[in-house]
**Student:** 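If you scroll down you'll find the structure; I have some questions about it.
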Amino acid sequence: MGRLIEVDDPLKCPSRLAVHAGDMLLFRAAGGRVRSGQGVVEMLGPFLQAILVEGGEVLTPQGPPNTVLFRACRPGHAVVDVITGDPFYQPHTTSCELTVES
Amino acid sequence: MIQDSERWHDAIVKIAEIASMAANGGEDPDSGPYEGEASEEAPQKGGIVCTPKQLPARLLILAAETAMKINPVNAPVLGPFAAMADGFQVSEPMRIAVLTSKYWGPAPRKLTVSFMESTPTDLKNRILSHMNAWNKTACISFVLTNGTGDVRISRRSGGYYSYLGTDILHIPKNRQTMNLQGFTMSTPESEYKRVVRHETGHTLGMPHEHMRKALVNRIDPAKAYKWFLQTYGWDKATVDAQVLASLDEASLMSTPPDQTSIMCYQLPGVITKDGKPITGGTDINATDSAFAGKIYPKGPVKSQPAAADAYEEDWPESDDVDVSV
Ligand SMILES: [Zn+2]
């Protein structure tokens with residue numbers, strides 16, 4: 001069974017992390033990229049969290065994206081960058097080396 | 001041209017009359033004050049001086065459509081603002097925008113504020129003082145509550161954002177309406193001015209100024225797609241949504257764009273056609289302040305229910321007045 005692993009604060013994410021193929025990593029972040037290991041890990045997004053309210057309307061806040069997903073596709077190694085903070089003013093990049101196990 | 005101008009003026013008057021009638025419970029507009037105006041002669045029930053109302057949504061749409069038919073350029077000043085046509089200068093140079101559908105209305109209003117996480121009192125007060133920087137000219141103020149606020153602030157991860165204007169009333173009470181990630185008493189004062197005041201502008205209904213057509217037109221799409229992909233991993237759709245989609249000017253109450261507005265992001269010269277950055281705003285500037293005072297005027301008006309509630313007292317559609325032109 002794949003897991004949805006939430007990394008609420010990317011700044012506190014360990015620099016190395018082991019996950020399983022099929023897992024999904026969710027970062028609260030404005031952007032991201034797969035620096036190495038394309039195919040081992042793929043990025044989905046970025047997304048801006050929105051909310052479904054009564055009446056069926058989806059309300060979207062004013063702001064930059066705040067969620068990035070990485071899917072562990074197959075065993076191997078990958079390095080991902082996660083960008084936090086304000087993307088329009090002094091953002092911060094955190095890198096994480098992922099080991100994807102079967 | 002003169003004929004167009006006259007027709008436009010006539011339509012404004014018609015729309016204002018209808019709005020005014022709505023505000024006065026069907027009375028002739030000449031016989032009483034416009035919406036929200038206090039009047040010594042106004043009938044009082046249970047201490048409530050006036051019962052301001054807004055046009056039902058269907059009439060706001062009709063009003064906007066009518067205005068658009070006559071003069072699309074002036075459409076932005078209508079919508080809910082028809083009800084305060086006496087207070088509006090169409091040609092006055094104002095530089096930030098308010099989405100008319102998210103507007104709180106022209107009467108004084110206190111929005112309560114609470115925090116999602118345990119927050120020290122000094123930090124609460126500091127954030128609140130910056131939110132109330134808009135209150136120097138605008139009639140909306142922010143007050144702390146120990147209960148669940150209209151504005152609910154979280155300082156957890158998720159970056160900086162706020163829902164727009166009256167949308168905040170629809171957000172579930174267990175969710176924040178504004179996010180100020182990581183704000184503490186150690187955060188520099190400049191960030192309070194740049195971020196807290198910006199997000200509060202959204203709460204007042206103001207969208208991003210850099211999404212005004214004139215500023216979007218300065219951006220080279222190819223450069224923007226490339227730079228944002230390389231820098232943040234943003235796909236085209238994200239770049240479109242964040243920096244290339246211009247706001248529908250017909251939905252705005254606005255005039256010329258202003259790159260130093262607090263509502264404008266900083267954008268690097270590397271993505272603009274002329275290589276010059278869009279400087280962005282670092283604090284509420286004089287024009288922001290004047291604009292806020294214009295759309296949320298301080299004056300002798302009584303508080304009114306939230307804009308969303310103001311639609312409750314509707315009348316049968318058959319009683320609508322035809323203002324088609
Ligand atoms: Zn914003």
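For clarity, every value in this text was computed on a predicted model and none was experimentally measured. Chain identifiers are assigned alphabetically (A, B, ...) following the order of the sequence lines, protein sequences preceding nucleic acid strands; residue numbering begins at 1 within each chain.
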**Student:** In terms of heavy-atom pairs under 4.5 Å with chain A, which of B/Y161, B/F228, B/Y160, B/Y163 leads?
**Tutor:**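 Heavy-atom pair counts peak at B/Y163.
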**Student:** Please check this pair: side chain of B/Y232 against backbone of A/I83, looking for a donor-acceptor N/O pair closer than 3.5 Å.
**Tutor:** no
**Student:** Quick one: does B/V243's side chain get under 4.5 Å of A/F88's, heavy atoms only?
**Tutor:**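 A side-chain contact under 4.5 Å exists here.
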**Student:** Are B/R194 and A/D86 within salt-bridge range, i.e. N to O under 4.0 Å?
**Tutor:** yes
**Student:** Would you say A/Q49 and B/R175 make side-chain contact, with heavy atoms under 4.5 Å?
**Tutor:** yes
**Student:** Between A/G31, A/P10, A/A29, which has the largest tally of heavy atom pairs under 4.5 Å with chain B?
**Tutor:** A/G31
**Student:** Are there more than 12 heavy atoms of other residues, nucleotides or ligands under 6.0 Å from atom CZ of B/R156?
**Tutor:**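 Atom CZ in B/R156 is not packed in, count stays at 12 or less.
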**Student:** Would you mind checking which part of A/L59 comes under 4.5 Å of any heavy atom in chain B, side chain (CB onward), backbone (N, CA, C, O), both or neither?
**Tutor:** both
**Student:** Do side-chain atoms of A/E54 reach the backbone of B/P172 as a donor and acceptor pair under 3.5 angstrom?
**Tutor:** no
**Student:** Side chain of A/R28, backbone of B/G159: donor and acceptor closer than 3.5 Å?
**Tutor:** no
**Student:** Give, as side chain, backbone, both or neither, the part of A/T84 having an atom under 4.5 angstrom from any heavy atom of chain B.
**Tutor:**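 Neither part, no heavy atoms under 4.5 Å.
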**Student:** Is it true that the side chains of A/D9 and B/S157 contain a donor and an acceptor less than 3.5 Å apart?
**Tutor:**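 No donor-acceptor contact under 3.5 Å links the two side chains.
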**Student:** Test your reading of the model: is there a side-chain donor-acceptor pair from B/W234 to the backbone of A/G32, 3.5 Å cut-off?
**Tutor:**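 Not confirmed, B/W234 side chain does not pair with A/G32 backbone.
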**Student:** If you count the non-hydrogen atoms of other residues, nucleotides and ligands that lie under 6.0 Å from NZ in B/K273, is the total more than 12?
**Tutor:** yes
